[in-house]
Undergrad: 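First the structure, which I've put down as structure tokens, then a few questions once you've had a look.
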Amino acid sequence: MAEVKDLRVDLCGIQLDNPVMAASGTFGYGWEFAELYDINILGTFSFKGTTSEPRFGNPTPRIAECNDGMINAVGLQNPGVEQVIFQELPRLKQCFKKKVMANVSGFSEEEYVYTARRLDECSQVGWIEVNVSCPNVHGGGMSFGTSPEAAASVTKAVKEAVKKPVIVKLSPNVTDIASIAVACEEAGADGISLINTLLGMRIDIRTKKPVIANTMGGFSGRAVFPVALRMVYQTAKAVNIPVIGVGGISKAEDVIEMMLAGATAVQVGAENLVNPYACRDIIENLPAVMEKYGIHSLKEIIGGAI
Amino acid sequence: MKKSLFEIIENIPLTRDVMRMKLKGDTSAITAPGQFINIQIEGLFLRRPISVCHVCGDILTIIYKVVGEGTRRMQDMTGGSLDILMGLGNGYDLSPAGESPLLIGGGAGVPPMYMLAEKILERGVTPKVILGFNTASEVFYADEFAKLGAEVTVATADGSMGVKGFATDAMKQMSYSYFYACGPEAMLKAVWEQSETDGQFSFEERMGCGFGACMGCSCKTLTGSKRICKEGPVLRKGEILWQK
């Protein structure tokens with residue numbers, strides 16, 4: 001009989017039963033998935049990017065298909081931080097007993113700080129994930145994540161405002177990911193998650209117009225896995241804080257590969273949208289894949305390829 | 001919502017580019033007419049949402065128009081099984097239908113009207129049904145609606161069958177207690193403008209997940225933002241905000 005596998009990892013002082021999280025924007029505030037399976041089997045999940053005020057987001061169509069992936073231009077639709085605190089989190093409490101990761105977005109440093117501080121007060125929140133990388137909003141959401149100075153500045157401001165671990169989610173749409181990650185680390189970040197979506201586009205040949213109403217959007221799904229893996233590897237080599245690997249993960253083998261590249265935990269994104277059981281399936285398959293490759297404990301393989 | 005495997009037991013053309021597929025599996029998640037299913041197609045990343053036409057025991061019938069890569073691949077299927085998410089969307093609310101409800105289906109919007117007509121007839125009410133098409137060769141299911149016991153009027157834009165004109169031209173002659181509409185957005189808007197009673201409309205939008213997770217198909221309404229896949233696809237006349 002196979003030995004019992006140790007899937008536990010430590011993420012900024014909080015132990016996860018396993019390294020598999022659902023990525024922000026693909027898991028809502030959890031309850032749609034809780035109707036399908038017990039989401040307490042997850043390491044945890046990062047909830048929908050939340051801003052200080054409610055946002056409708058971009059016009060539709062917001063979705064386009066690609067080979068092994070998709071483009072979205074949702075534009076940070078969310079009900080606003082107060083509704084998240086008074087409606088979504090109490091509802092989540094009914095179906096999720098673990099600490100959740102609060103994904104925070106903003107259009108100014110003040111907004112990031114305000115929203116992060118409000119969510120930091122919630123006992124259900126374990127980590128603040130600062131999204132400096134959404135490609136789908138006008139007004140500079142992107143710019144925070146594309147320059148080391150801006151990323152560091154927002155990191156520092158949020159870090160000073162909250163008590164919980166701050167994880168900065170980075171954009172892949174940059175020339176030197178490591179320098180941005182290092183800037184965030186030096187500004188006090190407790191962890192880095194990457195990658196957010198790659199800026200992409202599709203054109204409808206029949207109408208000769210972009211498929212997405214907003215013209216461009218964020219490309220994600222299985223196709224981006226090698227890009228994400230490369231950037232996780234570069235980042236993990238450059239920083240001494242935990243890295244969360246995100247991008248194109250669809251199976252247990254991808255989790256192992258991400259961890260070998262230096263990820264302490266991983267987030268599953270677009271795959272949740274086409275297989276709502278993706279996270280559960282990956283978690284259930286991990287022990288067998290570990291057995292196949294002679295891995296006893298996932299902790300031990302973090303950065304194994306660096 | 002349920003995710004399960006369905007066996008393809010029929011996939012036949014009804015017109016040049018409209019197909020009927022019968023699937024066998026666990027249909028228990030489908031609770032209302034107007035709901036849809038989301039089909040995984042090998043080689044394509046996103047699932048394809050298709051409205052439910054009919055459910056009888058473990059047999060599910062869908063009727064789809066071949067328009068893009070997904071439906072082209074479906075057209076070629078001769079057997080095997082499909083991974084399907086089902087019981088998606090709110091569906092039509094039958095409670096306000098009254099004594100003489102009018103069902104208006106345009107083109108690819110006709111199929112969900114079949115299950116709706118069936119459910120209304122089960123309540124002892126005979127619905128009037130308008131089926132709108134461009135031309136006679138595109139007409140499907142007129143006989144099937146009649147066999148159910150509905151009062152069927154076909155309208156064709158070129159007059160090659162039934163009433164000449166759009167579904168809304170046929171609607172002008174009719175009295176009704178309530179209406180239900182599904183079809184191209186231009187038809188829905190015309191029905192909205194012309195209708196004399198309250199009613200419900202079923203909308204389409206490009207979807208990511210089909211079950212409320214990605215916020216890809218949101219629309220603004222007078223009662224707040226709604227996800228077409230979750231709080232829709234059926235919206236009430238009084239809440240619709242026409243954007244385009």
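Note on naming: letters A, B, ... go to the chains in the order of the sequence lines (proteins, then strands), and numbering restarts at 1 for each one. No hydrogens, no waters, no symmetry mates; every other heavy atom, side chains included, goes into these values.
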Undergrad: Inspect the surroundings of CG in B:Leu241 and state if more than 12 heavy atoms from other residues, nucleotides or ligands are less than 6.0 Å away.
TA: yes
Undergrad: State the CE-OG1 distance between B:Met215 and A:Thr26, to the nearest 0.5 angstrom.
TA: 12.5 Å
Undergrad: Could you tell me the separation between the CZ atom of B:Arg227 and the CD atom of A:Gln77, rounded to the nearest 0.5 Å?
TA: 8.5 Å
Undergrad: B:Arg206 and A:Asp204: which non-hydrogen atoms are nearest, and at how many Å?
TA: NH2-OD2, 4.4 Å
Undergrad: If you count heavy atoms of other groups shown closer than 6.0 angstrom to CD of B:Glu204, is the number above 12?
TA: no
Undergrad: Side chain, backbone, both or neither: which part of B:Lys230 has a heavy atom under 4.5 Å from chain A?
TA: side chain
Undergrad: Are there over 12 heavy-atom neighbours, none belonging to A:Lys209, within less than 6.0 Å of that residue's NZ?
TA: no
Undergrad: Answer yes or no: is there a side-chain heavy-atom contact under 4.5 Å between A:Thr60 and B:Cys219?
TA: no
Undergrad: Contact between A:Cys66 and B:Phe45 at the side-chain level, heavy atoms closer than 4.5 Å - yes or no?
TA: no
Undergrad: Would you compute the distance between atom SG of B:Cys209 and atom CD1 of A:Ile63 and round it to the nearest 0.5 angstrom?
TA: 8.0 Å
Undergrad: Please flag which part of A:Asn272 lies under 4.5 Å from any non-hydrogen atom of chain B: side chain, backbone, both or neither.
TA: backbone
Undergrad: Using the rule given for salt bridge (Lys or Arg N to Asp or Glu O under 4.0 Å), can you reason through A:Glu65 versus B:Arg47, listing the C-alpha separation, both sets of side-chain angles and the distance that settles it, and then say yes or no?
TA: CA-CA 10 Å; A:Glu65 181 164 68; B:Arg47 290 171 181 265; over 6 Å; no
Undergrad: Which bit of A:Tyr29 is near chain B, if near means a heavy-atom gap under 4.5 Å: side chain, backbone, both or neither?
TA: neither
Undergrad: Nearest 0.5 Å please: distance from the OG atom of B:Ser225 over to the CZ atom of A:Arg55.
TA: 12.0 Å
Undergrad: Evaluate the side-chain proximity of A:Leu36 to B:Lys3: yes if any heavy-atom separation is below 4.5 Å, no if none is.
TA: no
Undergrad: Would you mind checking which part of A:Pro59 comes under 4.5 Å of any heavy atom in chain B, side chain (CB onward), backbone (N, CA, C, O), both or neither?
TA: neither
Undergrad: Against chain A, label B:Leu85 side chain, backbone, both or neither, depending on which of its atoms sit under 4.5 Å from a heavy atom there.
TA: side chain
Undergrad: With a 4.5 angstrom heavy-atom cut-off, is it the side chain or the backbone of A:Ala223 that approaches chain B, or both, or neither?
TA: neither
Undergrad: Is it the side chain or the backbone of A:Arg222 that comes within 4.5 Å of chain B heavy atoms, both, or neither?
TA: both
Undergrad: Measure across B:Gly208 and A:Met70 and return the closest heavy-atom pair with its distance rounded to 0.1 Å.
TA: CA-CE, 4.4 Å
Undergrad: How many angstroms lie between atom CG of B:Leu46 and atom CG of A:Leu273, to the nearest 0.5 angstrom?
TA: 8.5 Å
Undergrad: Counting only heavy atoms not in A:Trp31, do more than 12 sit closer than 6.0 Å to its CH2 atom?
TA: yes
Undergrad: Which distance, rounded to the nearest 0.5 Å, do you find between the SG of B:Cys214 and the CZ of A:Phe27?
TA: 14.0 Å
Undergrad: Take a 6.0 Å sphere around CD of A:Glu53 and say whether it holds more than 12 heavy atoms from other residues, nucleotides or ligands.
TA: no
Undergrad: Looking only at atom types and distance, does a side-chain atom of A:Arg62 sit under 3.5 Å from a main-chain N or O of B:Cys217, one as donor and one as acceptor?
TA: no
